[in-house]
Structure formats: structure tokens, C-alpha cells
Amino acid sequence: MNAMDPAVKDGLDYAAVPWERFHHAFGPGSDLPERLERIRCADARGADDQVDVLWDMICHQGTPNAAGALAVPFLIRIALTHPVPLPRALRLVGTLARRSHLGDGTRTGLLRTSAPADSLAFEPSGYVSTWSIQAARQALTEDADLLLPLLSHTVPAVRTAAAYALAAATPPARDRITAALHTCLDVEDDPVTRASLVLAIGELAWEQRDADAVSRTRTWWQDPARPAEVRISAALAWLCLVDDPIPADLDALLDTEATDHLADLLSPVPWLHHLAEKQGLHTTLTQMRNPDDYAWIADLY
């Protein structure tokens, strides 16, 4: 897929896009402009329902497809201009720009954006799914400057969804996005958003195992003055960024702070919600602490 002309994106010029050449889960993407318009024109009650319909088409059963990559810049602009907040649309953008998670909350999987380089999976249409995800990541990265202000939105769910989407950006945007996430974390007061900001910082660092992120996340989970959601999300990020065995002090922290109450509180965190609508925190900790029991997950990719 070639980069989309900015005028096409900004003008929502659906007609300039060859939708019919790219498929979603149920056929050619030629019906997606109508679906996007339904989201744009829906009222507050109907917008999320329309996003769910679109989600099933372009990210069916958690698997992004080629038509979904074309929808990314339009979804971003619809979310930005809609009269009501559309965090679910932003969550969809972030999901399209990531590999199929397939219940993977392991240390090598929770924060992994792309499939392994030697992975070759095909969509039902025959298109290589890795290409679709990379195209969505590139489209998101090109519009990162539109998404960054949403990290300061008045609605916490929008801030959370923006962090999740931005975490899937490609390396050229990594430094400025990471800096913005750190700035927002310093002033954030919503527990779900705080946890999401930490995990977003971890995901942006994952591909290059950024040493600064390793050091910072360790400092955060070791700091008893930090809120539990920051310490636990930092622990998850740190475990994903290093190969070290789980140290005794971290084991103790997980035993005392990763409570059922915290797991319920953090259920809306996108990375955890993908694993389980409730108690996703416990799911990922079980996988991380018992890696031999979940070695089979690597065979799914």
C-alpha cells in the first residue's frame, strides 16, 4: 500500500481510495466508506455500536486485515472531529496496528507490536497479514501528531485509547511520543490511564530494548511511593524488556499488590482487556510467572 495523500485523508475523500482491491473479513472493502460514514454521523449512543460493526469487519476475531489498514487515517479523523468522544474508534486504530494477540500475555508477547520477522500468515483473501499490520502502523505513525494532543483530553478513556494507539507507532516517531507519554504520566490522575501510559512507554521501547526504559520501569516498580497501578504496570513492562529471572523483591510485590481489586480496576487497560475482559492482569501474570506452561503460544505465530 502506498502512502495516502493528505488531502484525501483530511477531506475524508473515500472515493479516492481503491477499497475494492483490499478485503475485510466478509469480502471486498468497497462497503467500508458507508460504514465509516455511519460512525461519523451517529449520535453518542450509536457511534460505539457502529464502531463494533466495523471492528468485526476489519479486525475479525482480533485479526487485522488489509481493508482495515486503509480505514486507519479516516477513523483517526472521524474520532477527532466527532461531537462526542470516540475512544472505541481509537482503540480500533491501535488494534489494527498490532499483530493478532491470540491471548498472548507472555513476557515476549504482551508488548510485542509486530509478528516475528520470519512469520508468514495470510488473510482469507490471500493478502499477507503482516503487510496489513505494517501498513496500519505506518498510517498511524504518519498521523501521530494528530493523536498526541489526545493524551491531554478531558475524558480519561480517550487518553487511555490515545496512549494505546500511539504505542504501536513505528520507530521514527518513538522519541517524541515517548517524551509526551512521560510528560503526561507526571500529571495523570486516572489509574487506568496511568497504567496505560506506562505500558505504552514499554511497548515503544520493546523492539530496541531501550536501556532508558528498562532503567525507568525498574525504578518505578521498586518505588513504594508510586501508586499500585504504576508499580504493577511498570513491573509488566520491565519483565517484557529483560530476560532476567523474576527477582525475589518483584515476586513479593506481585504477591502483595496484584490483588483482585487492582485486576478489576485495570480491566479497561487495552493490553489487559485483550487477554480477558475481567482479571486480564492475573492472566498475564500467570503466563509470565509460568513460562514453561505457555511455551505453546509461540507456535501460534
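Computed from a predicted model, the values in this text were never measured in an experiment.
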Write down the atom of [X], the atom of [Y], and the distance for their closest heavy-atom approach.
X	Y	value
Glu37	Arg40	OE2-NE, 2.7 Å
Ser100	Ile133	N-CD1, 4.4 Å
Leu150	Ala162	CB-CB, 3.7 Å
Cys59	Thr95	SG-CG2, 3.6 Å
Ala163	Ala200	O-CB, 3.6 Å
Cys240	Arg209	O-NE, 3.9 Å

Could you tell me whether [X] and [Y] have a side-chain N and a carboxylate O separated by less than 4.0 Å?
X	Y	result
Asp190	Arg159	no
Glu188	Arg194	no
Asp212	Arg216	yes
Asp104	Arg112	no

Please say whether the positively charged group of [X], taken as NZ for Lys or CZ for Arg, lies over the ring of [Y], i.e. under 6.0 angstrom from the six-membered ring centre and within 45 degrees of the axis.
X	Y	value
Arg88	Trp55	yes
Arg218	Trp220	no
Arg289	Tyr294	no

If only atom types and distance count, is the side chain of [X] paired as donor or acceptor with the main-chain N or O of [Y] below 3.5 Å?
X	Y	answer
Thr141	Thr170	yes
Thr284	Gly280	no
Ser132	Ala66	yes
His82	Ala42	yes
Ser267	Ala263	yes
Ser215	Ala211	no
Trp296	Asp293	yes

- prompt: Run the salt bridge (charged side-chain N to carboxylate O under 4.0 Å, His left out) check on Asp223 and Arg231 step by step: do they pass?
  reply: CA-CA 7 Å; Asp223 183 359; Arg231 297 189 73 189; over 6 Å; no
Are [X] and [Y] side-chain neighbours, meaning at least one heavy-atom pair lies under 4.5 Å?
X	Y	result
Asp5	Lys9	no
Trp206	Thr113	no
Leu272	Leu236	yes
Leu241	Asp210	no
Arg107	Ile246	yes
Asp56	Gln61	no
Leu254	Trp221	no
Ile297	Gln287	yes

Greater than 12 external heavy atoms within 6.0 Å of Arg21's CZ: no
query: If you count the non-hydrogen atoms of other residues, nucleotides and ligands that lie under 6.0 Å from CG in Asp43, is the total more than 12?
result: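 Buried by this count: over 12 neighbours within 6.0 Å.
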For the atom pair [atom1] ([X]) and [atom2] ([Y]), what is the distance rounded to the nearest 0.5 Å?
X	Y	atom1	atom2	result
Thr106	Met288	OG1	CE	7.0 Å
Leu285	Asn290	CG	CG	10.0 Å
Thr183	Leu151	OG1	CG	9.5 Å
Gln138	Glu142	CD	CD	5.0 Å
Leu86	Leu92	CG	CG	11.0 Å
Glu257	Arg226	CD	CZ	14.5 Å

Would you say [Y] and [X] are linked by a side-chain donor-acceptor pair, where the criterion is simply a distance under 3.5 Å?
X	Y	value
Gln208	Arg174	yes
Glu203	Tyr164	no
Asp260	His282	yes

Would you kindly confirm whether [X] and [Y] end up in one hydrophobic cluster when ILVMFWY residues are joined by side chain heavy atoms under 4.5 Å apart?
X	Y	answer
Val242	Leu204	no
Leu266	Val155	no
Val158	Leu96	yes
Leu275	Val192	yes
Leu110	Leu181	no

Derivation and outcome, side-chain hydrogen bond (donor to acceptor under 3.5 Å, both in side chains), residues Glu34 and Tyr14: CA-CA 9 Å; Glu34 178 186 355; Tyr14 307 125; over 6 Å; no
- prompt: Hey, which of Leu148, Ile201, Asp145 is the one that makes side chain to side chain contact (heavy atoms under 4.5 Å, CB included) with Ile177?
  reply: Leu148
- prompt: Name the one of Leu140, Leu90, Val51, Leu54 that satisfies side chain to side chain contact (heavy atoms under 4.5 Å, CB included) with Leu75?
  reply: Leu54
field: Residue pair Arg98, Ser114: steps toward the side-chain hydrogen bond (donor to acceptor under 3.5 Å, both in side chains) verdict
entry: CA-CA 6 Å; Arg98 285 173 170 82; Ser114 296; over 6 Å; no
- prompt: Would Trp271 and His101 count as a side-chain contact (heavy atoms from CB on, under 4.5 Å) if you check the C-alpha gap in whole Å, the side-chain angles of each, and the deciding distance to 0.1 Å?
  reply: CA-CA 9 Å; Trp271 292 263; His101 59 84; over 6 Å; no
- request: Apply salt bridge (charged side-chain N to carboxylate O under 4.0 Å, His left out) to Arg137 and Glu207, showing your working.
  value: CA-CA 14 Å; Arg137 286 188 75 188; Glu207 290 179 339; 3.1 Å; yes
message: If you apply the rule side-chain contact (heavy atoms from CB on, under 4.5 Å), what do you find for Leu239 with Leu250, and how did you get there?
response: CA-CA 10 Å; Leu239 286 170; Leu250 178 51; 3.8 Å; yes
message: Quick one, Thr63 with Asn65, criterion side-chain contact (heavy atoms from CB on, under 4.5 Å). Give me CA distance, side-chain angles, the key distance, then yes/no.
response: CA-CA 7 Å; Thr63 302; Asn65 54 50; over 6 Å; no
field: Check against side-chain contact (heavy atoms from CB on, under 4.5 Å), Leu265 and Leu281
entry: CA-CA 10 Å; Leu265 177 68; Leu281 173 61; over 6 Å; no
